[in-house]
Number of protein chains: 2
Amino acid sequence: MERVELLKELVEENNTKILLIVLDGVGDIPSFEGKTPLEKANTPNLDKLAKESAIGMHIPVLPGITPGSGPGHLALFGYNPLKYEIGRGILEALGVGLEVTENDICIRANYAKVEEIDGKLIVLDRRAGRLSTDENITLTEKITNNINDINGVKIFMKPGMEYRSAMILRFPERVNSKMCEIFETDPQKENREVISPEPKNEESNKVSIVLKEFLKKVREILKNEKGNYLLLRGYSTPPQIPKFNEIYKIRALSIATYPMYKGLTKLLGMEVKDVDGYSIKDEIKVLKENFKDYDFIYFHIKKTDSYGEDGDYINKFKVIEEFDSFLPEILSLNFDTISITGDHSTPTPMKSHSFHPVPVLIKSPYVFKNFSERFTEKECLRGELGIIKGEDIMSLLLAHSRRLKKFGA
Amino acid sequence: MERVELLKELVEENNTKILLIVLDGVGDIPSFEGKTPLEKANTPNLDKLAKESAIGMHIPVLPGITPGSGPGHLALFGYNPLKYEIGRGILEALGVGLEVTENDICIRANYAKVEEIDGKLIVLDRRAGRLSTDENITLTEKITNNINDINGVKIFMKPGMEYRSAMILRFPERVNSKMCEIFETDPQKENREVISPEPKNEESNKVSIVLKEFLKKVREILKNEKGNYLLLRGYSTPPQIPKFNEIYKIRALSIATYPMYKGLTKLLGMEVKDVDGYSIKDEIKVLKENFKDYDFIYFHIKKTDSYGEDGDYINKFKVIEEFDSFLPEILSLNFDTISITGDHSTPTPMKSHSFHPVPVLIKSPYVFKNFSERFTEKECLRGELGIIKGEDIMSLLLAHSRRLKKFGA
């Protein structure tokens, strides 16, 4: 039996409250002074909490595998990230802030510079000369002002960073993944011909017709622009994934500042509250205003990851200290079970997500406690939770909040 | 998704170099002075390396399962040893130094003493009175001098230890496992009739005819010998197994002194260099001469296992000390990622392979380090890698040499 099926069978409702705090990319490896940012940070509140909690490490996917934010979060929410995959186009659409429904095909659309040579459309620059984000916004507006609907299929589009954008084809009815089996138009190298979005089966034929008509119009609208075409990739439909709130029979709230995390949790069936600003303080405000109405709250802090990606050791440990300063306020809300973890590690020396295990803390009345001194990678490696799978965390949170019945008699 | 499929998708080439040193059967349990051979051995170089590395334990197959050399090595090379099995006949053939191709059916052929009683061929001694290896060599020569080819199928045979030998039927075309579905001829008990190698399906009919003809000739050739017949078992075809170098997109070299390890790695697609001698020094010579031309080197040391099987505690820890003395030379070659481990444990008090976890070390720039004092079983049980699967090692080596892309966005 699959884990989520087992949990669905065992779960029962009660009035406990669970808080899952995700410090995105918090895990690291030793660098400056031989310390990780978690070791370097002065975190009196987190230290105290670690002593009273169970800590350990989790592996989001498999040892050695570096998770993207999608698989990393799916694991935290209890899904097998090798079974449930979220298409590239979906994440891109969620990332730029497009809302994704079950009637949508999502597509990455990148501005490019093309030229017609001997009747063939040749890609001169796949990134349209590193188009600026501002130029992108202007071009995308031009397209959305001129194209709303093709053959009854609604078209939505939003600019991303630089030359990247995402678009959605919204059908009157639910879509299926067969409809996405269409050739990607990006030839992947410069000075090659643009590929036509031909269908690979009968079901994708209708979609192909819409895309061809769309690209014809785009070519016309952008003809005098620096980015004069769009290269389409990553056609994808929303994943066939059981809803979070339905598996766990739980009223779930998502608090995040970045569109991708808001979109992903919405797709999983959580309610999403907008945060007015990007600071931890702004998020705490939303938490305090809303926590009473929910049983489970996902609370996402992005900056630990952003500074990791930038290789900015100092700001990474400082944002951990900032989070620590808000911890008493969070604890005062009296959640029954609290977890603090990351969706993956983002070591500052690597400036990228990594395969390293991720520190995890679980506070509940049912832990051994007095086993660890601090919430650091090394302490977590020796913590009472041991090294667990990312998927295990959600089971443990439900268990610690006594929301899981006995399995078998 | 299966692990090797996932890795194949994520792997990308770069110019890093990986060294996997397998101290066969190195793991042990405490005995003399309450210490394991790894604890007893004086290993200043290995101690220093352990401090700078990540260490842990690996379980080759499952807790409690004692791996043969086949499954133990498959796990180290990243294959699920429960999915990919290597037939007994194949390992036997590789072990005696026969080269196995995709056109081959491999068979264990054991010398026996038989007698015709009432027109029936009865087995008097299944081991031909514990035939000596020398007698085996003589008998095998007699057979191979007289039989080369039956019905267009080439016959190869090589003596093993005592009464054991291995043979290969080499067909003009690729074989399949259906062709091996033939009754084994060994009745498993003395004073029973030899079983005829009858086919179990249509595809094995041709093979059965060859075997019957072969046995008829063997009976004639050996009629006056101590071992006057061959009992056939373990018919097997080469495993349908994705090639190591193709999954990992890596130029792989195998350095080993024993035929079985050379044969197994060749079967997986590695290049095998012959070693002139059996000592670690002889193997180091081959390593130094060839490491520049490969990305991945498998370096096998057999004696730790042999002494374990003999229950020879003193020589087991001495061979570990001998290996330690060569470590500076190995480290001077500047591999980016080095792993030292075993394919299984061979505790001296047990004089056999065992189910115990196996110490593993990974040296790379991306480990926590300063976490462990020595490379011993007890330190490994508390090491930063934790207790992992044998299969995880290859994923980790690729990850530490930054040869794996991010999984998902």
Side-chain angles (χ1 to χ4, degrees), chain A residues 27-31 34-36 39 56-57 59-75 80-92 94-95 108 234 236 260 264 343-345 347 349-350 352-357 376-378 380-383 386-388, chain B residues 1-12 18 51-59 75 78 80 248 337 339 360 362 364-372 379-409:
Chain A
D28 216 296
I29 54 177
S31 54
K35 289 180 180 167
T36 68
E39 286 170 343
M57 280 288 197
I59 310 264
V61 182
L62 282 174
I65 304 302
T66 298
S69 301
H73 270 83
L74 284 183
N80 176 350
L82 288 171
K83 177 170 176 186
Y84 298 104
E85 277 189 75
I86 299 183
R88 183 77 226 194
I90 301 285
L91 283 172
E92 206 74 15
L94 296 173
R108 298 173 73 181
S236 38
M260 210 203 75
L264 178 60
D343 53 340
H344 53 77
S345 290
M350 297 175 82
S352 66
H353 292 199
S354 82
F355 53 87
H356 293 90
T376 64
E377 292 82 359
K378 280 188 185 162
C380 285
L381 280 167
R382 291 186 171 133
I387 301 177
I388 59 177
Chain B
M1 195 173 356
E2 239 262 309
R3 168 104 57 146
V4 292
E5 287 160 28
L6 175 66
L7 293 179
K8 197 172 177 182
E9 224 179 88
L10 297 181
V11 93
E12 56 187 0
I18 302 172
K51 280 177 205 148
E52 297 162 4
S53 303
I55 68 171
M57 281 288 198
H58 81 86
I59 310 265
N80 176 351
Y248 305 124
T337 311
S339 183
V360 54
I362 293 177
S364 113
Y366 308 111
V367 299
F368 292 112
K369 72 186 181 184
N370 295 316
F371 201 79
S372 306
E379 287 283 313
C380 285
L381 281 168
R382 291 186 176 134
E384 67 170 79
L385 289 177
I387 301 178
I388 58 177
K389 285 181 167 185
E391 275 179 81
D392 294 329
I393 294 171
M394 198 61 213
S395 306
L396 285 169
L397 294 183
L398 293 166
H400 278 280
S401 51
R402 307 197 76 165
R403 283 175 175 266
L404 293 180
K405 281 179 293 196
K406 186 161 70 173
F407 169 61

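Side-chain atoms are counted along with the backbone in the values below, which use heavy atoms only and exclude waters and symmetry mates. Chain identifiers are assigned alphabetically (A, B, ...) following the order of the sequence lines, protein sequences preceding nucleic acid strands; residue numbering begins at 1 within each chain.
More than 12 heavy atoms of other shown residues, nucleotides or ligands fall within 6.0 angstrom of atom NZ in Lys378(A). Annotation for Lys406(B): atom NZ counts as buried by contact number, over 12 foreign heavy atoms lying within 6.0 Å.
Of the two parts of Leu385(B), only the backbone, made up of N, CA, C and O, holds a non-hydrogen atom closer than 4.5 Å to a non-hydrogen atom of chain A. Neither the backbone nor the side chain of Ser354(A) comes within contact range of chain B, judged by heavy atoms closer than 4.5 Å. For chain B, no part of Asn80(A) is nearby; none of its heavy atoms comes within less than 4.5 Å. Contacts between Ile29(A) and chain B at a heavy-atom distance below 4.5 Å involve backbone atoms as well as side-chain atoms. The contact between Lys369(B) and chain A is made entirely by backbone atoms, counting heavy-atom distances below 4.5 Å.
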| task | Output, in order, the C-alpha distance, side-chain angles, deciding distance and verdict of side chain to side chain contact (heavy atoms under 4.5 Å, CB included) for Thr337(B) and Tyr366(B). | result | CA-CA 10 Å; Thr337(B) 311; Tyr366(B) 308 111; over 6 Å; no
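Ranked by heavy-atom pairs under 4.5 Å with chain B, the list Arg88(A), Met260(A), Glu92(A) is led by Arg88(A). Between chain A and the options Lys405(B), His400(B), Met394(B), Glu384(B), the largest number of non-hydrogen pairs under 4.5 Å is found for His400(B). Contact tally against chain B (heavy-atom pairs below 4.5 Å) for Met350(A), Glu85(A), Glu377(A), His344(A): the top residue is Met350(A).
The CG atom of Leu62(A) sits 10.0 Å away from the CG atom of Leu10(B) when rounded to the nearest 0.5 Å.
The side-chain contact (heavy atoms from CB on, under 4.5 Å) with Leu397(B) is formed by just one residue from the set Ile362(B), Asp392(B), Leu404(B); it is Ile362(B).
Under the 4.5 Å side-chain criterion, counting only non-hydrogen atoms from C-beta, Val360(B) is not in contact with Cys380(B).
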